[in-house]
2 protein chains.
Amino acid sequence: MTVIFSKKCEYGLQAVLYLAAKEVGGIVSADEIAKKLNIPKEFVSKILQNLTESGIINSKKGKSGGFSLAKHPANIRLIDVVAAIDGLGIFSTCVLGFPNCSPDHPCPLHEKWGALRTSAYNMLTEQTLDQLKEKTLHKIAHLEA
Amino acid sequence: MTVIFSKKCEYGLQAVLYLAAKEVGGIVSADEIAKKLNIPKEFVSKILQNLTESGIINSKKGKSGGFSLAKHPANIRLIDVVAAIDGLGIFSTCVLGFPNCSPDHPCPLHEKWGALRTSAYNMLTEQTLDQLKEKTLHKIAHLEA
DNA sequence: TCTAAATCAGATTATTTTATCTGGTTAAAG
DNA sequence: CTTTAACCAGATAAAATAATCTGATTTAGA
């Protein structure tokens, strides 16, 4: 099998989208996120810790604690989450795994893949959490089915 | 880090491109492929065996044996190699890892990602080994640098 | 015929990724 | 002040991927 984002990154994206779909500033526990998204709790907790270190979300300790977005959802782009978890290597390394793939020594797919990759990068840069709120709410509503 | 194709698939693509860059019908040993592409020999051997089972390449045993394309390079598409090694799951599973991602219950990126994914699929379907021969030769020429 | 060079098949090892566990710290609420 | 529900930190385990090893078989050529 092949992958675009690591599981960590997929879960991280799901989690921040979930946070954004709740009220702004709302605090949500890792337990709730894990249950609603069907993600292993311990795993998502670790990911949420990472995102807290990255400054994308805030954490509140102690009883009735949990996580909330660190910025307004209009100011959190999907690419920020990807960069924090998987890094941006996917947008620069050679799709065929050739070394030194560059305009000077391009791999056979350099141009064609580069164009697609740029489109993907731009899309992830344009899409912010607030723009996806409605769609996220719809998706979440159908998760138990 | 994140990945598009598995290492197996990257190496497999490199290997068939290499075979196509050599004369049609030419036989190349796993050893040569491994050395030229800087791929672990035992690993690429296994991959070449897989591609032989898939009918993409032929193998010849014994002394002066090796591998050659099973069809004319104009009839081998990159998507064929990807399908044989990684499968086509990447073109159907949800980029965010949500379950049941479909037109009925789309994830927040369903449409936008779907468009990009289709472009990628089409590109890999259109590109055949012969079309990439010149570019492959150029890339190979600069691999030792 | 014998040897060398190659593929083939299956097992094994190493590394990375994914997931879990254990115990500690924090803080709200009674 | 004590309990409880949460995050936190680091270790560990499990699974998947990447890589290697061992020995067998095949075949061209001296």
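Each chain gets a letter, A, B and so on, in the order the sequences are listed, and its residues count up from 1.
Along DNA chain D, the nucleotide nearest Tyr11(B) and the nucleotide nearest Ser64(B) are compared for position; the residue whose nucleotide lies closer to the 5' end is Tyr11(B). Position along DNA chain D of the nearest nucleotide to Gly62(A) versus Glu53(A) favours Gly62(A) as the more 5'-ward residue. Nucleotides of DNA chain C nearest to Lys8(A) and Lys61(A) differ in position, and the one nearer the 5' end is that of Lys8(A).
Distance NZ (Lys63(B)) to P (dT7(C)): 14 Å, rounded to an integer number of Å. The distance from atom CG of Asn58(B) to atom P of dC8(C) is 10 Å, rounded to the nearest whole Å. When rounded to the nearest whole Å, the span between NZ of Lys7(B) and P of dA18(D) equals 8 Å. Rounded to an integer number of Å, the gap from Gln49(A) CD to dC21(C) C1' is 14 Å. If you take CG of Leu48(A) and P of dA9(D), they are 13 Å apart, rounded to a whole angstrom. Distance CG (Asn50(B)) to C1' (dT7(C)): 13 Å, rounded to an integer number of Å. When the P atom of dA27(C) is taken as reference, atom CZ of Phe67(A) falls 14 Å away, rounded to whole Å. Look at CD1 on Ile47(B): it is 11 Å from P on dT20(D), rounded to the nearest Å.
With a 4.5 Å cut-off on side-chain heavy atoms, Leu48(B) and Ile33(B) count as touching. Two residues are said to be in side-chain contact when any heavy atoms from C-beta on lie closer than 4.5 Å; Leu109(A) and Leu13(B) fail this criterion.
With rounding to the nearest 0.5 Å, the separation of CG in Asp80(A) from CG in Leu124(A) is 10.0 Å.
Of the residues in residues 27-43 of chain A, those lying under 4.0 Å from DNA chain C by heavy-atom distance are Pro40(A), Glu42(A), Phe43(A).
Taking 4.0 Å as the cut-off between side-chain N and carboxylate O, Asp86(B) and Lys8(B) do not count as a salt-bridged pair. Contact check on Lys35(A) versus Glu32(A) returns no salt bridge, with no Lys/Arg side-chain nitrogen under 4.0 Å from an Asp/Glu carboxylate oxygen.
When the side-chain nitrogen and oxygen atoms of Ser59(A) are compared with OP1 and OP2 of dC8(D), one or more of them lie within a distance under 4.0 Å.
Below the 3.5 angstrom threshold, one finds a donor paired with an acceptor across the side chain of Lys46(B) and the base of dG10(C).
Between Phe5(A) and Trp113(B), the ring-plane angle classifies as tilted under the 30° and 60° cut-offs.
When only modelled atom types and interatomic distance are considered, Thr128(B) and Asp130(B) share a side-chain donor-acceptor pair under 3.5 Å.
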